[in-house]
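Notes to accompany the following structure.
Just so you know, residue 1 is the first one in the sequence shown, and it goes up from there. We count ligands from 1, going down the list as the structure has it; atoms in each ligand are counted the same way.
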Amino acid sequence: MENLSRRKALSLGVALGLVGVTNPVQAWASTGSAAGTDAGTGPEWIWDDVADPLMVSMLDNGHVPAINTAWASWVNNDDPLPGGLPAEFTAYLRQVNQLPSWADPAKLTRAADFNRRRDMYLFMLYGLGSGIMSTVIPREAKSVYWSAGGAQMQDRAAKTFTFGYDLSQLGAFKPTGQFVVTANKTRVVHAAVRHLLPQSPHWRAVADETVPISAADILVTFHSLGTYVHRKLLDWKIPYPAADQEAFLHSWQVAVHLLGVPYEHIPKTWAAAEKQSAQVLTPILTPSTEGIALAEELLGLTAQIDLGVTRGFLNEFVRYVLSDEVGDWLGLKRDYVSAALVRTAWPAYILFREGLSPVMPGTFYMFDQFVRALGMLFLNKGSSGATTPITIPTGNRAG
Ligand code: HEM
């Protein structure tokens, strides 16, 4: 546990709603994981046996630019695999481009419907909660910063959001949806990054691992996304029936699996996910030079469009969803008037929006514009009207 006493980790866990007994030895025990059996190897020692060697070969043989061009038109789950790809790459896609046998179509349909019904809260929580939390997950912040995409954060934020957007589309997992393709592209990008980043002297100078993005790292990020959002929806008392909760978890189980994490390491229940999150996510949160810079870039992006709120309000909203401790780490300047407003008016906004209170708060439209504009910003839909394509990098950030 770097820079954090156990007591601090617990208090941060309380703030994030992710508390538990911190015992790294048991953190990855497979009890409660989807298969209920022990694979024998911890996920911190698992990368991607299938995609990683393939991408070494694709990068070293200069095939990546052609793959990026060829797969630009490969978007829908039922699109035929693109032509013009190296045979090895096509064979790989044929092998992985399908839902796992344990995927439950009824749950996935319900999850997509839930994502649609709750998309405003999800955009807000993924964007300002998980997005900024990623900057205090040191391994993630350092790899994102020093990879090629770290130099163009706006583009990258939009692309990363593609993942959440495609996941939230009605029918995301159906043949006409796009999620399986997005997940497969992301898995390939991660495999490329595993080969590229170790060649970056900048990344090597700050990394505490030799190869980035292990299965454990992916599970940590899943907790910063799915598990965190699940907890916040409950904390905010948003109507969230058990069937929605189960469906939301299932969509994440399938998503994480499509990213290459072995089935046996994927949490089986939200209780197991929350326990694992308290063990492997909360205690590792800490600031880094790279993370502070990324957070500033991400929050600065929002200043480029009219969210109808000040930067001070934005800072305070981030503090509200992630804790003052995280806000202090990232140097988010205080705005105490906005802080008071967020803490009282946001719960009132939710109550009215959900029909749980007849009283429309005076700030309703301000909050409404804020959540809508954020969704647009991260989706990059406002200007282009199209989903930003995911491309495989061929190098790292220069410096
Ligand atoms: C790229 C999502 C876990 C580091 C991407 C992209 C997506 C994505 C959609 C493609 C965006 C683009 O083209 O820039 C996810 C999801 C994760 C996850 C949903 C887990 C649930 C991780 C982890 C790390 C990581 C654990 C590092 C510790 C990166 C990096 C890139 C990337 C460095 C490449 C950016 C570039 O092009 O330079 N990820 N990711 N990701 N991801 Fe992840």
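The pair Arg311-Glu296 meets the salt-bridge criterion, since a charged nitrogen lies less than 4.0 angstrom from a carboxylate oxygen. Using a 4.0 Å cut-off between charged side-chain N and carboxylate O, Asp328 and Arg319 make a salt bridge.
Atom 27 (C) of ligand 1 has its nearest heavy-atom neighbour, among Ser143, Gly395, Ser214, in Ser143. Of the candidates Val188, Leu197, Leu258, Val193, it is Val193 that places a heavy atom closest to atom 34 (C) of ligand 1. Considering only non-hydrogen atoms, atom 4 (C) of ligand 1 lies nearest to Ile213 out of Thr186, Thr394, Ile213. Of the listed residues (Pro393, Ala215, Ala216), the one carrying the non-hydrogen atom nearest atom 37 (O) of ligand 1 is Pro393. Evaluated by nearest non-hydrogen atom to atom 17 (C) of ligand 1, the leading choice among Ile137, Thr221, Ile392 is Thr221.
Stacking of Arg118 on the aromatic ring of Tyr240 is not recorded, the 6.0 Å distance cut-off and the 45° axial limit not both being met.
Near Val189, meaning under 4.0 Å from any of its heavy atoms, are these atoms of ligand 1: 1 (C), 34 (C). Proximity to Ala148 (heavy-atom distance under 4.0 Å) selects the following atoms of ligand 1: 38 (O). Below 4.0 Å from some heavy atom of Asp217 lie the following atoms of ligand 1, by number and element: 26 (C). Short contacts between ligand 1 and Ile218, defined as distances under 4.0 Å to a heavy atom of the residue, involve ligand atoms 20 (C), 21 (C), 26 (C).
Ligand 1 has a nitrogen or oxygen under 3.5 angstrom from a nitrogen or oxygen of Gly149. The shortest N or O to N or O distance between His190 and ligand 1 is below 3.5 Å. Below 3.5 Å of separation, one finds an N or O of Ser147 facing an N or O of ligand 1.
Residues Gln369 and Val309 have side chains not in contact (no heavy-atom distance under 4.5 Å, counting atoms from C-beta outward).
Taking the six-membered ring where tryptophan is involved, the planes of Trp236 and Tyr320 are essentially parallel, since the angle between them stays under 30° and well short of 60°.
Counting non-hydrogen atoms of other residues, nucleotides and ligands closer than 6.0 Å to NZ of Lys107 gives a total above 12.
Ring centers of His190 and Trp47: at least 6.0 Å apart, outside the cut-off.
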Please table the atom pairs, donor to acceptor, closer than 3.5 Å between any side-chain atom in residues 330-341 and protein atoms at least two apart or in another chain.
{"unit_1": "Arg334", "atom_1": "NE", "unit_2": "Glu316", "atom_2": "OE2", "d": "3.0"}
{"unit_1": "Arg334", "atom_1": "NH1", "unit_2": "Asp324", "atom_2": "OD1", "d": "3.4"}
{"unit_1": "Arg334", "atom_1": "NH2", "unit_2": "Glu316", "atom_2": "OE1", "d": "3.0"}
{"unit_1": "Asp335", "atom_1": "OD1", "unit_2": "Val337", "atom_2": "N", "d": "3.3"}
{"unit_1": "Asp335", "atom_1": "OD1", "unit_2": "Ser338", "atom_2": "N", "d": "3.0"}
{"unit_1": "Asp335", "atom_1": "OD1", "unit_2": "Ser338", "atom_2": "OG", "d": "3.4"}
{"unit_1": "Asp335", "atom_1": "OD2", "unit_2": "Ser338", "atom_2": "OG", "d": "2.9"}

